[in-house]
Amino acid sequence: MKIKSLLIANRGEIAVRIHETAKRMNIKTIGIKTAKEPNALYLRLVDDVVDFSDSQDEIPEFLDIERIIEAAHQSKADAIHPGYGFLAENPYFARRCEEEKILFVGPSALAIFKMGNKTIAKQIAQRYNVPLLQGSQRTIKDSKEAEDIAEKIGYPVILKAAAGGGGRGMRIVEKASNMEKMFRMAANESEKAFNDSSLFIEKYVRNPRHIEFQIMGDRHGNYIHLGERECSIQRKHQKLIEESPSVALDEKLRIEMGEAAVRIAKAVYYHSVGTVEFLLDADKNFFFMEMNTRIQVEHPVTEAVSGIDLVEWQLRIAEGQQLTLKQEDIKLAGWAIECRINAEDVQAGFSPNLGIIEKVSFPKGKNIRVDTGITDYSVITPYFDSMVAKVIIHAENREKAISAANSALKKIWIRGIKTTVPFCLAVLNNKKFKDGDFNTSFIEKEMEKLYYNEEEDEMLAAYVAAFDFAAELETDRSAKPDFERGKNISPWVLNKRLKSL
Amino acid sequence: MKLLKPKKKNDPEYIAVSPAGKKYVIRNPFSEELRINGHKQDVKIFEDKEGFTFIEFKNKKYLAEITDKSQNKYTVLLNGLSYSFTIESPISYKRRKYLEKHKQTNKLEIISAPMPGKIAELLVEENTQVKEGEAILILEAMKMQNEIITQVSGKIQKIHVKAGDSVSKDEVLMEIER
């Protein structure tokens, strides 16, 4: 069945990203408008908008299954793309789409369910000879049980949300006395994020690399992988910089891990694009972590090195088309790096930096791709996650990619909010990162300073402050009421004002 | 860009002091020459057609924005990082130095919300002792549970919030007596 119109049940950069490919494929796109972000960029791009602004429900708009289904019928959409997060890995949602004869752009509800439940996923991995970490084979009921298992497999252990992903509902427990508190926090967070507080426990590998494989499968039994992504640069289990390929893999290990990933996909008759995540320890042993049954934030690095549009294949496979790409057709060329630009204050412990983007400008260039959901006057609200853009660089090799990423990030100009750009620059300029010598503890262990600046930066800032202060002194404050006291006035404006006095 | 020359004959001098106590002596900021701590270098402040304010220095461009100011206290965002200063004249700087020497240290530590969010859980009660580095409450923001940690040891004097409360940035959460 050819998809004629597509409801995008998501927001931000991924809604924009999905729209772009759909448009190229002559598919009409429909976006969802919420009262939280009525002027968002994606709403200006899509062909049609369904309005959820009146939503009074406790359920957030992008999680409201029945309303989204109804909106699809109303707007005559024949397919729904869930993007990532929200309902992307909700088997009940995929099932409801199937029942309502709406194409769900993703795998089957059953595949989502099996992979979404980490205990089932682990059983499958075990059956198909994919290496696993020791731990509970099912969810644990309380912190006492967690302590018992931890006693057996040895500390440190990690508590994980059974329904989880994206680092939420995860806690590392170093010793028995911390178990109760950590169990409570992980369960709380998991309940909030996934509506399911069940946890499981496993052995925690210190300082592993996070390596994941992009896979694709269709409804006709064809499966391939598109190589790996290196996602070890993480803070509190949130990925911040990703690459493809990884310096840690040679061709032999790539084939071995890629085949293991494909085995998992086959086991659940996976028909869409998906990601199998592994931990890689210092001795290059790999362990199955989980499978993400959706398009991922970091998919563009794979697109860059493979030259394949993953969203296009997601849509084609959903239509029932054959995966015509064969494993031997997949040639990965060059090196790609993605930097996530989040609205966070790196100088204040990465706290969310809310506000209005007064002005924004991104670098342009042949090997620079910017996926973003923001533009001038976009509002960063507390309702959604803090990522505002992704900058993806593709170059011949890793060294060139790092240097190109460095100059591209220095050409991002944003006024109104603070972002993680200075953090990304600090990583890109770190010697160990440049040498490829890093793992998931990199940020904690190797970075003395979490942002990049040069010696003269503070001096120049001091100059700007002194300039403005002097300009204010020059204006005769007693003669005019000062309506703008304490507000942001650029030194330029002040200077112009001074001249016209 | 032609910048306004000051009316006074002698070059005015300003002292920007960072929170770490670093001192920048800036002579005549209106000249197109940066004269800081005795160094001399060409500098230009300009606005581009997109509306960004830049400083051009040693052939490099820096995006600058004053994000906060009240009286002589400034926060400047330069290339995405915040720098705070108080601007003093040579005379007020002397006075400040004098006052610093004779200042008493504050006994009450105010813990305020570093970000907007919801209080997920209080980990301490009033009148209990806490140690530096101890988690005192959990603040939920952007779907993450963040532990708020005290930087001082002391007794919890007062708690202004309860679990479930929504708080805005900088809202006072607790007071700790050192």
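Throughout, a chain's letter reflects where its sequence line sits, starting with A, and its residues are numbered from 1.
- Both the backbone and the side chain of A:Pro352 come within contact range of chain B, each with at least one heavy atom under 4.5 Å from a heavy atom of that chain.
- Within the 4.5 angstrom heavy-atom criterion, no atom of B:Lys169 approaches chain A.
- Distance alone, capped at 3.5 Å, places no donor-acceptor pair between the B:Gln41 side chain and the B:Lys58 backbone.
- When atom types are taken as modelled, the side chain of B:Asn146 and the backbone of B:Leu139 share a donor-acceptor pair closer than 3.5 angstrom.
- Inter-residue side-chain proximity for A:Ile341 and A:Leu409 is flagged as met; some heavy-atom pair is nearer than 4.5 Å.
- Contacts between B:Ile36 and chain A at a heavy-atom distance below 4.5 Å involve the side chain alone, from C-beta outward.
- Geometric assessment of A:Arg11 against the ring of A:Phe62 yields a negative cation-pi assignment under the 6.0 Å and 45° thresholds.
- No part of A:Leu425 comes within reach of chain B, as not one of its non-hydrogen atoms sits under 4.5 angstrom from that chain.
- By number of non-hydrogen pairs under 4.5 angstrom with chain B, the leading residue of A:Ser351, A:Ala465, A:Gly169 is A:Ala465.
- Ranking A:Asp385, A:Leu460, A:Leu354, A:Val421 against chain B, the residue ahead of the rest is A:Leu460, based on heavy-atom pairs under 4.5 Å.
- Using a 4.5 Å heavy-atom cut-off against chain A, the contacting residues of residues 113-124 of chain B are B:Pro114, B:Met115, B:Pro116, B:Glu121.
- Using cut-offs of 30° and 60° on the angle between ring planes, the pair B:Phe52 and A:Trp413 is tilted.
- Contact of B:Lys60 with chain A is made through the side chain alone, with heavy-atom distances under 4.5 Å.
- When heavy atoms are compared at a cutoff of 4.5 Å, A:Ala466 approaches chain B by way of both its backbone and its side chain.
- Within the 4.5 angstrom heavy-atom criterion, atoms from both the backbone and the side chain of A:Asn188 approach chain B.
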Query - side chain to side chain donor-acceptor pair (under 3.5 Å) between A:Tyr452 and A:Asp457, intermediate numbers included - result: CA-CA 10 Å; A:Tyr452 175 83; A:Asp457 290 10; over 6 Å; no
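- The two residues A:Leu240 and A:Arg235 have their closest heavy-atom pair at CD1-CB, 3.6 Å.
- For a residue to count as touching a neighbouring chain, one of its non-hydrogen atoms must lie under 4.5 Å from one of that chain's; by this rule B:Ser89 does not touch chain A.
- Using a distance-only test at 3.5 Å, with no hydrogens or angles considered, a donor-acceptor pair links the side chain of A:Asp376 to the main chain of A:Val360.
- Both the backbone and the side chain of A:Glu189 come within less than 4.5 Å of a heavy atom of chain B.
- Heavy atoms of B:Leu77 lying under 4.5 Å from chain A belong exclusively to its side chain.
- Residue A:Ile414 touches chain B through its backbone alone, counting heavy-atom pairs closer than 4.5 Å.
- By the 6.0 Å and 45° rule, A:Lys36 stacks over the aromatic ring of A:Tyr383.
- Neither the backbone nor the side chain of A:Ser190 comes within less than 4.5 Å of any heavy atom of chain B.
- Heavy atoms closer than 4.5 Å to chain A are found in the side chain of B:Tyr24, but not in its backbone.
- Only the side chain of A:Glu454 has a heavy atom closer than 4.5 Å to any heavy atom of chain B.
- At least one donor-acceptor pair closer than 3.5 Å links the side chain of A:Lys390 to the backbone N or O of A:Val297.
- Counting only N and O atoms by type, the side chains of A:Tyr463 and A:Asp468 include no donor and acceptor under 3.5 Å apart.
- The backbone N or O of A:Asn342 lies less than 3.5 Å from a partner atom in the side chain of A:Thr420, making a donor-acceptor pair.
- With values rounded to the nearest 0.5 angstrom, B:Glu13 atom CD is found 11.0 Å from B:Asn28 atom CG.
- The two residues A:Ile380 and A:Ala343 come nearest to each other via the heavy atoms CG2-CB, 3.8 Å.
- Proximity to chain B (any heavy atom under 4.5 Å) is restricted, for A:Lys192, to the side chain, taken from C-beta onward.
- B:Glu50 places a side-chain heavy atom less than 4.5 Å from the side chain of A:Lys359.
- Heavy atoms closer than 4.5 Å to chain A are found in the side chain of B:Ile138, but not in its backbone.
- Heavy-atom distances place no part of A:Ala348 under 4.5 Å from chain B, backbone and side chain included.
- With a 4.5 Å cut-off on non-hydrogen atoms, A:Lys410 does not touch chain B at all.
- Between the side chain of B:Glu56 and the main chain of B:Lys61, no donor-acceptor pair closer than 3.5 Å is present.
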